[in-house]
There are 2 protein chains.
Amino acid sequence: MAKNKNTEQKIFDAATELFVEKGVDRTSVRDIASKAGINLALMNYYFRSKENLFDAIFTNLVQKNTKDLIQILDSDLALPEKIRKYVSAYIDILIDNPLLVSFFMAILHRSREKITEMEVVSNLYGREIFTQQIIEEGKKGNIRKTDPSHFFVDMISMITFPFAIKPLIKHKNELSEEEFNAFIEERKTTIPEMLLKTLQPCE
Amino acid sequence: MAKNKNTEQKIFDAATELFVEKGVDRTSVRDIASKAGINLALMNYYFRSKENLFDAIFTNLVQKNTKDLIQILDSDLALPEKIRKYVSAYIDILIDNPLLVSFFMAILHRSREKITEMEVVSNLYGREIFTQQIIEEGKKGNIRKTDPSHFFVDMISMITFPFAIKPLIKHKNELSEEEFNAFIEERKTTIPEMLLKTLQPCE
DNA sequence: ATATTGTTTTAAACTAAATTTAAAACGTTT
DNA sequence: AAACGTTTTAAATTTAGTTTAAAACAATAT
């Protein structure tokens with residue numbers, strides 16, 4: 001009974017480490033088995049396939065890291081504060097978890113449709129409270145009338161995409177790793193600035 | 001002599017079609033050979049590897065489609081007009097070439113570094129004239145002083161990323177294919193609006 | 001016209017990786 | 001300790017990409 005959980009966990013842990021280290025595709029099931037000190041076939045016994053194992057790890061990783069994000073969107077903070085916090089928290093997560101970015105890329109690559117089926121991801125998108133908040137504030141005239149679906153897409157695009165093209169940004173701006181991180185840190189203020197400016201009612 | 005070009009082209013065409021249809025990873029070299037009606041080994045004879053064939057197709061595709069984009073950025077149009085045209089042209093390209101998006105994802109997935117080495121892609125990024133224009137206009141006080149590298153990243157993020165997460169957007173907003181395209185069409189105006197608003201000097 | 005040389009094509013082999021199978025080992029329950 | 005379910009193992013199978021060695025073909029020189 002203890003051994004049971006143990007083996008499954010050993011596979012999970014070994015795979016996680018290797019996936020971070022070498023990327024999903026460059027990690028073979030044999031690598032995982034050898035690192036976990038188990039037989040090759042056990043990977044298929046516990047997780048039906050490498051793909052499945054990947055999903056399990058990804059789901060776990062997203063779940064752990066995105067609770068806060070959802071809480072922020074669903075909170076009763078005022079829009080400016082909420083947006084600043086959200087952007088900042090989201091960026092911190094992506095800085096701390098390079099794995100998350102490459103996993104996301106891996107999924108978008110394999111089959112873009114798949115992302116829809118993954119509840120953990122789907123859950124992050126289009127929170128009702130935040131959507132309503134933008135509509136309400138628009139009605140009240142506190143902000144310019146804004147389509148929440150565009151606004152949300154704008155926001156997550158500006159947060160996420162730069163991580164996807166990190167090597168390109170580094171190369172084109174001749175940034176070291178630290179300088180890239182500084183660049184990203186700057187975005188914690190530039191992105192909310194831009195978003196809030198669009199929301200301004202003043203013409 | 002004719003046969004020569006013929007075979008190479010047949011491989012190229014068959015691979016392109018299959019890559020669109022099933023994605024790069026789910027297309028085997030045997031599929032390509034069979035569709036092109038050629039022997040398996042010819043794929044390696046003409047293109048050294050599947051990866052190479054992929055690169056050839058991608059490079060060709062990008063080259064064909066991005067000449068206009070570069071021209072717009074390098075033109076002497078005023079900023080507002082330039083931004084509107086660029087966003088619109090870029091979106092049109094991505095609507096017309098779903099392959100471009102999935103290829104881009106494929107590359108970012110395999111090795112994010114690779115994108116840096118691909119001149120066709122690297123060329124699109126950080127055009128000197130556009131960068132200078134933003135700095136100059138800032139100095140003249142025509143626009144708010146703006147960091148061109150952030151501005152450019154914001155722009156391409158908002159243009160590109162929504163295509164990457166198309167299934168998620170469709171699903172969450174319950175959009176049909178046509179409605180998604182309409183949504184994207186709207187972005188031809190919302191994105192420039194947002195970008196131009198950030199540039200406004202008025203405080 | 002035929003031999004030589006270079007190019008293109010073929011069939012078969014090789015390699016590496018994921019997955020499946022069938023049986024052995026282990027534990028629990030009766 | 002017998003029977004049953006669970007876990008583990010070693011070996012086989014399958015699927016891909018790539019390589020090899022030779023055959024077919026084409027062009028040119030003898």
Rounded at 0.5 Å granularity, tell me how far CG in Leu196(A) sits from CD1 in Ile83(A).
5.0 Å
Can you tell me how far P of dG17(D) sits from CD1 of Ile32(B), to the nearest Å?
7 Å
Residues that Glu185(A) engages under side-chain hydrogen bond (donor to acceptor under 3.5 Å, both in side chains), provided they are two or more places apart
Lys188(A)
Protein heavy-atom contacts under 4.0 Å, written 5' to 3' over nucleotides 13-19 of chain C as B (base), S (sugar-phosphate only) or - (none), form the string ----BBB
Taking only the side-chain nitrogens and oxygens of Tyr45(A), find out if one of them lies under 4.0 Å from OP1 or OP2 of dT6(D).
no
Rounded to whole angstroms, how far apart are CG on Asn52(B) and P on dT18(D)?
9 Å
Considering residues at least two apart in sequence or located in another chain, which fulfil the salt bridge (charged side-chain N to carboxylate O under 4.0 Å, His left out) criterion with Asp68(A)?
none
Value in whole Å for how far the P atom of dT7(C) lies from OH of Tyr46(B):
11 Å
Between dT9(D), dT7(D), dT9(C), spot the one nearest the side chain of Asn39(A), thanks.
dT9(D)
Spacing of Leu53(B) atom CG relative to dT18(D) atom C1', expressed in whole Å:
14 Å
Residues forming a salt bridge (charged side-chain N to carboxylate O under 4.0 Å, His left out) with Asp147(B), sequence neighbours excluded:
none
Can you name the side-chain hydrogen bond (donor to acceptor under 3.5 Å, both in side chains) partners of Thr131(B), sequence neighbours left out?
none
Lys114(A): what forms a salt bridge (charged side-chain N to carboxylate O under 4.0 Å, His left out) with it, not counting sequence neighbours?
Glu51(A), Asp55(A)
What is the distance from CZ of Arg26(B) to P of dG17(D), rounded to the nearest Å?
13 Å
What's the CZ-C1' distance between Phe54(B) and dA16(D), to the nearest Å?
18 Å
Which whole-number value in Å describes the distance from Phe47(A) CZ to dT8(D) C1'?
16 Å
Just how far, in rounded Å, is P of dC26(C) from CG of Asn6(A)?
17 Å
